[in-house]
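Scroll down for the structure; my scribbles are underneath it.
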Amino acid sequence: MSRALHPFEELVELDAEAVRSWCARSLDALGREREEIDAINVYPVADGDTGTNLYLTAEAAHQAVEAVFAASTPTPDTAETVRAMAHGALLGARGNSGTILSQLLRGMAGVLADGCDGDHLARALGEAASAARRAVAHPVEGTILTVATAAAGACAAGGALVDVARNAHDGARTALAATSGQLDVLERAGVVDAGGRGLVTVLGALLETVTGQTPPPAPEARTTPVPPEDCPAADGPAYEVIYLLEAGDEAVELLRSRLDALGESLVVVGGDGLWNVHVHVDDAGAAVEAGIEAGRPHRIRVTHFAADSAAATARGERAQRAVVAVVPGAGLAGLCAEAGATTVRTLPGEQPAGDDLLDAIRRAHAREVVLLPNDTDLRQTAAAAAERARAEGIRVALIPTRAAVQGIAALAVHEPDRRFDEDVVAMTAAAGATRYAELAVAERQSFTSAGVCQAGDVLGLIEGDVAVIGSDLADTARTVLDRMLSAGGELVTLVVADDTPPGLAPDLEAHVRRGYLAVDTTTYHAGAGAPPLLIGVE
């Protein structure tokens, strides 16, 4: 996608082309400085991805603006452009700092839609800083919030557009330099706040757009990777959970209270029925469940803050190898994350897009990535995401897993310390040796490979084809199991959803023990949003 840059001329008011240029310059600058920002990321979690998250958030804003320009003849108006910028950032926000940046842009857009001269920009920056603080459950000084507040304060008097942009940038730079003395973890590591560093870059891109001049550099900080002993202990929550949420204001207020009790680093941004939710928790499933109760969550991402991965990325290094798995249900997401995988959640009737898979590959922050799509229909999307990741220098192996139980089998034999090719072969063999089945409830009358089914019938699908049509979930499950085990097997894996009758799994385990003495059974809970029963036979 093209990067439209405004001509080098001093502006008195931002127009649509200038906003487009600001987005493009922000993206370019964050791309250049991404690794440096990642390297100084030690707060709130030393996971070394703040620069990457800010870049991805800016990329989403830029793409939204480009889409508006592509669809508009003639050029879109300024209000439409700034709203597109903010909306794109909201949809694509990544991580703690990226989520806050999206709220800053949203706060600015609300003012800039009414005018884009210097006085409006000053008010926009003030509203942005206030909106960002309101979005964070427990604001902390020495972070991107401090830098945003200082930028707004430095230009509060308004004036010419050039003066406002320059004062805001200068105020942000000064505040950034002071962050290392405001948080102990920053002082110990000898760095400034990574999120604040990214905001200075974004404001620098705005200043360059307005003046046509290269902005002064950000305050000098440690440019070599932060030693692991200078990073905070990995004693915080185990997971980062992010999702978009369609919900009303009242439901979101209740969600804030619930998530605040569950974890920390809570940021909820957005409005008008669409929100971006970010939180660090020990119980990822509970955080997703809270979103389901509040409204309709989607684009769910769960990241495990593994101690060894955190230390590696804090040193500015990529982990050697990672696994990215697509899974249904919060429970399976937590299970796979505990095994070290970066997960992408699916919801009934909604599959992740290629950008979601590419984002997960990037978030894995590894030189080598094994991608498990766990769905036949996702294979082409996953292949395209893998190709895009390879173009960025990441070695990606796509294992064509067709079901979550195959992904579980592959993950069970994953050994990151052996050679990449050997690991991929072993994981592929484990997945290929796992036959899979699924139980579903028919929504309407239809013709199937096993005959005509009626709405409400229980369907037993083996390897993707309807093999059994029944009226009872347990009876159908036993029939499916018997058919699968007739060809042999050593291990049966059962994956049950929250709304599956609680006695089903024990009943099937007993059925296997009675009829197949040499076969072991393992049961996992998928949580909400998964099919009633998944079966794997190895």
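Note that the structure is predicted; figures quoted are calculated from it, not measured. Only this structure's heavy atoms are used, side chains among them; waters, hydrogens and symmetry mates stay out.
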Tightest non-hydrogen contact, residues Ala526 and Ala497, listed as CB-CA, 4.5 Å

Taking the side chain as every heavy atom from C-beta outward, state whether Val458 and Ile469 have any atom pair closer than 4.5 Å. no

Q. Are the side chains of Ser26 and Thr201 in touch, meaning some heavy atoms are under 4.5 Å apart?
A. no

Rounded to the nearest 0.5 angstrom, the CG-OG1 distance for Leu332 and Thr343 is 10.0 Å

Between Val277 and the options Ile300, Leu245, Val267, the side-chain contact (heavy atoms from CB on, under 4.5 Å) test singles out Leu245

Output for pair (Glu264 CD, Leu259 CG), nearest 0.5 Å, gives 13.0 Å

Checklist entry - CD of Glu422: more than 12 outside heavy atoms within 6.0 angstrom? => result yes

All heavy atoms of Ala294 vs all of Ala251, minimum pair found to be O-CB, 3.4 Å

### Query
Salt bridge check: are Arg106 and Asp272 linked by an N-O gap of less than 4.0 Å?
yes

Run Asp520 and Val492 through side chain to side chain contact (heavy atoms under 4.5 Å, CB included) and show every step you take. CA-CA 6 Å; Asp520 293 325; Val492 170; over 6 Å; no

One should read off an interatomic distance between Leu27 CG and Leu54 CG, to the nearest 0.5 angstrom, of 11.5 Å

Separation between CD (Glu443) and SG (Cys453), nearest 0.5 Å, reads 10.5 Å

Checking Thr401 against Asn374: is there a side-chain donor and acceptor pair closer than 3.5 Å? yes

Between Ala93 and Thr57 the two heavy atoms that sit nearest each other are CA-OG1, 3.5 Å

With sequence neighbours left out, the residues meeting ring pair (Phe, Tyr, Trp, His ring centres under 6.0 Å) with Tyr516 are none

Check your understanding: Is a side-chain N or O of Asp475 found less than 3.5 angstrom from the main chain of Asp472, in a donor-acceptor match?
Key -> no

Q) If we ignore angles and hydrogens, is there a donor and acceptor under 3.5 Å between the side chains of Arg34 and Thr52? A) yes

Test item: Leu357 and Thr381 side chains (from C-beta on) under 4.5 Å apart, heavy atoms = yes

Trp275 side chain to Val252 main-chain N or O, any donor-acceptor pair under 3.5 Å? no

What one should report as the nearest heavy-atom pair of Leu517 and Arg513 is CD2-O, 3.3 Å

* Determine whether Asn96 and Pro44 make a side-chain contact, defined as any pair of heavy atoms from C-beta on separated by less than 4.5 Å. => yes

Query raised in the report: With a 3.5 Å cut-off and no angle check, do the side chains of Glu509 and Thr521 form a donor-acceptor pair?
Result: no

Practice prompt. Begin with the C-alpha distance, continue with both residues' side-chain angles, and end with the deciding distance and a verdict on salt bridge (Lys or Arg N to Asp or Glu O under 4.0 Å) for Asp359 and Arg362.
Written response: CA-CA 5 Å; Asp359 171 41; Arg362 289 165 170 166; 5.9 Å; no

- Does the salt bridge (Lys or Arg N to Asp or Glu O under 4.0 Å) test come out yes or no for Arg321 and Asp423, once each step is laid out? CA-CA 10 Å; Arg321 189 173 311 150; Asp423 198 30; 3.4 Å; yes

Nearest heavy-atom approach of Gly88 to Ala60 is O-CB, 3.3 Å

Review point. With a cut-off of 6.0 Å (strictly less than), are more than 12 heavy atoms of other residues, nucleotides or ligands near NE2 of His87?
Key: no

TODO: Take Val279 and Leu262 through the test side chain to side chain contact (heavy atoms under 4.5 Å, CB included) and record every step on the way to the result.
DONE: CA-CA 9 Å; Val279 68; Leu262 282 174; 6.0 Å; no

_For Val396, is there any backbone N or O sitting under 3.5 Å from a side-chain donor or acceptor partner on Arg390?_
yes

- Item | Derivation of the side chain to side chain contact (heavy atoms under 4.5 Å, CB included) call for Tyr524 and Leu494 | CA-CA 6 Å; Tyr524 298 111; Leu494 304 174; over 6 Å; no

Rounding to 0.5 Å, atoms CG (Leu439) and CG (Leu534) come to a distance of 9.0 Å

message = Taking Ser265's backbone N and O only, do any of them form a donor-acceptor pair with His278's side chain (distance below 3.5 Å, no angle check)?
response = yes

State whether the side chain of Glu463 and the backbone N or O of Tyr436 hold a donor-acceptor pair below 3.5 Å, judged by distance alone.
-> yes

### Query
Quick one: do the Asp375 and Gln351 side chains pair a donor with an acceptor below 3.5 Å?
yes

Does the Tyr243 side chain pair with the main chain of Ala287, one donor and one acceptor, at a distance under 3.5 Å? yes

**Prompt:** Given side chains that start at C-beta, do those of Pro373 and Leu398 come closer than 4.5 Å, heavy atoms only?
**Reply:** yes

Show your reasoning for whether side chain to side chain contact (heavy atoms under 4.5 Å, CB included) applies to His280 and Leu266.
-> CA-CA 7 Å; His280 295 173; Leu266 172 62; over 6 Å; no

Residue set satisfying salt bridge (Lys or Arg N to Asp or Glu O under 4.0 Å) with Arg256, at least two apart, ordered chain then number -> Glu253

Between Asp260 and His138, does any side-chain donor sit less than 3.5 Å from a side-chain acceptor? yes

Please check if the side chain of Thr500 supplies one atom and the backbone of Pro532 the other of a donor-acceptor pair under 3.5 Å. yes

Over 12 non-hydrogen atoms of neighbours within 6.0 angstrom of CD in Gln454
yes

What one should report as the nearest heavy-atom pair of Ala410 and Ala431 is CB-CB, 4.3 Å

One should read off an interatomic distance between Asp465 CG and Leu459 CG, to the nearest 0.5 angstrom, of 12.0 Å

Arg435 versus Gln406: any side-chain heavy-atom pair under 4.5 Å?
no

Item checked: Test item: side-chain donor near acceptor, Asp482 and His511, under 3.5 Å -> yes

Notebook entry, point to check: Can you tell me if Asn41 uses its side chain to pair, donor with acceptor, with the backbone of Asp49 under 3.5 Å?
Noted result: yes

### Asp38 side chain to Thr50 backbone, donor-acceptor under 3.5 Å
yes

Original post:
Does Gly92 offer a backbone N or O that forms a donor-acceptor pair with the side chain of Arg94 under 3.5 Å?
Top reply: yes

Query raised in the report: Any side-chain donor-acceptor pair under 3.5 Å between Arg483 and Thr479?
Result: no

For this session: Report yes if the side chains of Val480 and Ile535 come closer than 4.5 Å at any heavy-atom pair, otherwise no.
Result: yes

Would a 4.5 Å heavy-atom cut-off, applied to side chains only, mark Val370 and Val424 as touching? yes

